[in-house]
Every structure is written in C-alpha cells, then in structure tokens.
Amino acid sequence: MSFTEEKQKFLAMSSEEKRKFFKGQVVTLDQIQTWNEFWKNNKSDISTTTEEVEHVDDKLSNKISLWQGDITSLEIDAIVNAANSSLLGGGGVDGAIHRAAGPTLKKECATLGGCQVGDAKITGGYKLPAKYVIHTVGPQGEKPEKLQECYESCLSLVKENNLRSVAFPCISTGVYGYPQKPAAKVALATVKKFLLENNDSIDRIIFCVFLQEDKNIYLEMLQKYFGVN
C-alpha cells in the first residue's frame, strides 16, 4: 500500500478505530483544561509572575492550554514536530513521533524535499491519535525571528487546512540550545498575535511540555500574555 492510500485510510477512520493502533493512553481535548479553567482552579498554587500582565477576555484564554505529558498521546487535529531539516526522523520529540506514527510517516516525509529553518510542512498522522503532523525546523541557538517564523508557518498550515486544534512542543530548546524562557516568550507572543487576528478559525492551541522546568516557565509567562481576571 502506498503512503497516500494508507494516509487516507487513517484519515477516514473514526477515533475509536484509530485508537486501536496507538499503544499508549490516548488523551482527548476535553480532558485538557483551558488556561482560563486551569488558572481559576490552581491560581493559589501558582507563583505570581514578575512581568506586567496583559489581561485578555475569556474568549481568548479559553483557546489556550498548558499540558504536561507525551505529545504523541494527544487525540487532536494536529501535533507539531520539532524536526530536523531532512524530515526523516531524529531524537527527542522527533523520534517519538516517528516511532508512534509508524514507518509510513517517514515515507511521506521523504517526498517533501526537506524543510528550511522557520518553515513547516504537513503530513498525515498515521497511527498517532492526531490526524496530522506539522513538521517545523527550529533555529540552532537564540534567533527570535526564525523561531517566530516556525510558529507562524505552523499556524498558517493549521488555518489553511481548516484544523481546529494543534499542540506545540518546546521548539529548539533541546539539543538546538535555544534558552527556554526566551523561547517561551516567542511562542506565546506569536500565538497570541495569531489568536487576536484569527480567533474564530481555531478552538484550541496547546503548549505541550515534558520537563517540569518548562511547565514552570509557561505558568509564569501565560500569566503575562493571557492574564485572567
């Protein structure tokens, strides 16, 4: 079976059918609190940010989530892969996504001609709970404009493909060496700008973190960019 046939086979499946192919525990969108819900339920336990807070209304804060766990387990429209320029798999999040999706993901990626830093390309999700994978190549080191392009390119693909939910890992903060807090600032500022301009085109944008250190950074920075009254 060609990758195009297998891609369509998986895209045509119901969520219940597709879950049989994923070995781990699937996490659905309704199991993940919005930032508005999370803040109201946990604000007494969250350290107050030292940054000036930019308050937003509930409509905006309900579009955002912070979730700690395995991005491959998310049953949503798309997950973002922090890929390398070959798009043929690697370590970290990249390797985990390729392993969970199965070998046909690599076959489709091999037809895309690689990817430039700051750009993004979309493929099927195959055996992943997510319908699609959006692959983006982050910069090596602290290059805010290129990291911003990564998030913008991914969000453009989300909008172009009429996807309603997407999850981002921490792009470039691993072996690519981008400092974690500056990277979170770029991610949140870029996503906020997109939501202000395209609020009705998406239901949820999830910041998926794995390390507790990253979670603590996002808890502080989410207060700044998506302050809830």
Side-chain angles (χ1 to χ4, degrees), residues 1-24 26-32 63-65 67 69-90 92-116 118-138 149-171 187 190-191 194-195 198 201-208:
M1 186 184 293
S2 69
F3 82 79
T4 53
E5 291 173 312
E6 188 163 350
K7 181 178 179 178
Q8 291 308 313
K9 179 187 80 171
F10 278 104
L11 286 172
M13 286 182 186
S14 67
S15 297
E16 291 72 20
E17 289 176 307
K18 208 177 181 200
R19 285 172 193 164
K20 297 173 185 175
F21 293 90
F22 186 69
K23 296 177 182 177
V26 171
V27 179
T28 59
L29 190 59
D30 59 6
Q31 293 175 286
I32 301 175
K63 300 278 187 178
I64 290 290
S65 292
W67 185 77
D70 180 359
I71 198 170
T72 68
S73 68
L74 296 177
E75 189 179 84
I76 58 176
D77 285 347
I79 60 172
V80 172
N81 179 21
N84 59 48
S85 58
S86 75
L87 299 184
L88 298 180
V93 170
D94 193 8
I97 288 172
H98 273 268
R99 286 192 296 274
T104 317
L105 175 59
K106 187 173 181 178
K107 291 180 183 178
E108 182 175 2
C109 286
T111 69
L112 300 178
C115 186
Q116 299 294 315
D119 201 359
K121 296 189 177 182
I122 189 168
T123 65
Y126 299 96
K127 294 180 181 179
L128 288 161
K131 294 176 184 176
Y132 296 92
V133 179
I134 298 174
H135 309 262
T136 190
V137 182
E149 286 176 16
C150 287
Y151 285 91
E152 289 173 342
S153 298
C154 291
L155 292 166
S156 292
L157 285 174
V158 168
K159 187 176 180 181
E160 287 168 20
N161 289 275
N162 299 311
L163 307 181
R164 304 295 304 184
S165 52
V166 62
F168 285 97
C170 299
I171 299 168
T190 309
V191 164
F194 175 82
L195 284 174
N198 303 276
S201 72
I202 195 163
D203 297 324
R204 194 82 64 86
I205 298 175
I206 301 165
F207 294 102
C208 179

Task: Steps toward side-chain contact (heavy atoms from CB on, under 4.5 Å) verdict (I206, L29) - done: CA-CA 9 Å; I206 301 165; L29 190 59; 3.8 Å; yes
Below 4.5 Å, heavy atoms only, C-beta onward: do [X] and [Y] meet side chain to side chain?
| X | Y | result |
| --- | --- | --- |
| V191 | F207 | yes |
| L195 | I64 | yes |
| K131 | L11 | yes |
| P129 | L74 | no |
| I32 | I76 | no |
| H135 | C109 | yes |
| N161 | Y132 | no |
| F21 | Y126 | no |

Spatial distance of atom [atom1] ([X]) from atom [atom2] ([Y]) [nearest 0.5 Å]:
| X | Y | atom1 | atom2 | value |
| --- | --- | --- | --- | --- |
| S156 | I122 | OG | CD1 | 11.5 Å |
| L155 | F168 | CG | CZ | 4.0 Å |
| D203 | I205 | CG | CD1 | 10.0 Å |
| R99 | K106 | CZ | NZ | 12.5 Å |
| N81 | D94 | CG | CG | 4.0 Å |
| I79 | I134 | CD1 | CD1 | 10.0 Å |

Grab the two heavy atoms, one from [X] and one from [Y], that are nearest each other, plus how far apart they are.
| X | Y | answer |
| --- | --- | --- |
| V26 | Q31 | O-OE1, 3.7 Å |
| G138 | C150 | CA-SG, 3.6 Å |
| R164 | D77 | N-OD2, 2.7 Å |
| G124 | L105 | O-CD1, 3.7 Å |
| A78 | L163 | CB-CD1, 3.8 Å |
| C115 | A120 | SG-N, 3.9 Å |

TODO: Could you walk me through whether T28 and R19 pass the side-chain contact (heavy atoms from CB on, under 4.5 Å) test, one step at a time?
DONE: CA-CA 11 Å; T28 59; R19 285 172 193 164; 3.9 Å; yes
Short question: side chain of [X], backbone of [Y] - any donor-acceptor pair under 3.5 Å?
| X | Y | answer |
| --- | --- | --- |
| K63 | I202 | yes |
| N84 | V137 | no |
| T136 | D119 | yes |

- [ ] Before accepting this row, confirm whether a basic side-chain N of the pair E75/K18 lies closer than 4.0 Å to the acidic partner's carboxylate O.
- [x]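 Salt bridge between E75 and K18, a charged N being under 4.0 Å from a carboxylate O: no.
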Open item on the list: Please tell me whether F194 and Y151 form a close aromatic pair, meaning their ring centres lie under 6.0 Å apart.
Closed with: no
TODO: Sort out for me which residue in K7, E6, K127 forms a side chain to side chain donor-acceptor pair (under 3.5 Å) with T104.
DONE: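 The passing option is E6.
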Open item on the list: Counting only heavy atoms not in Q116 (residues, nucleotides, ligands), do more than 12 fall under 6.0 Å from its CD?
Closed with: no
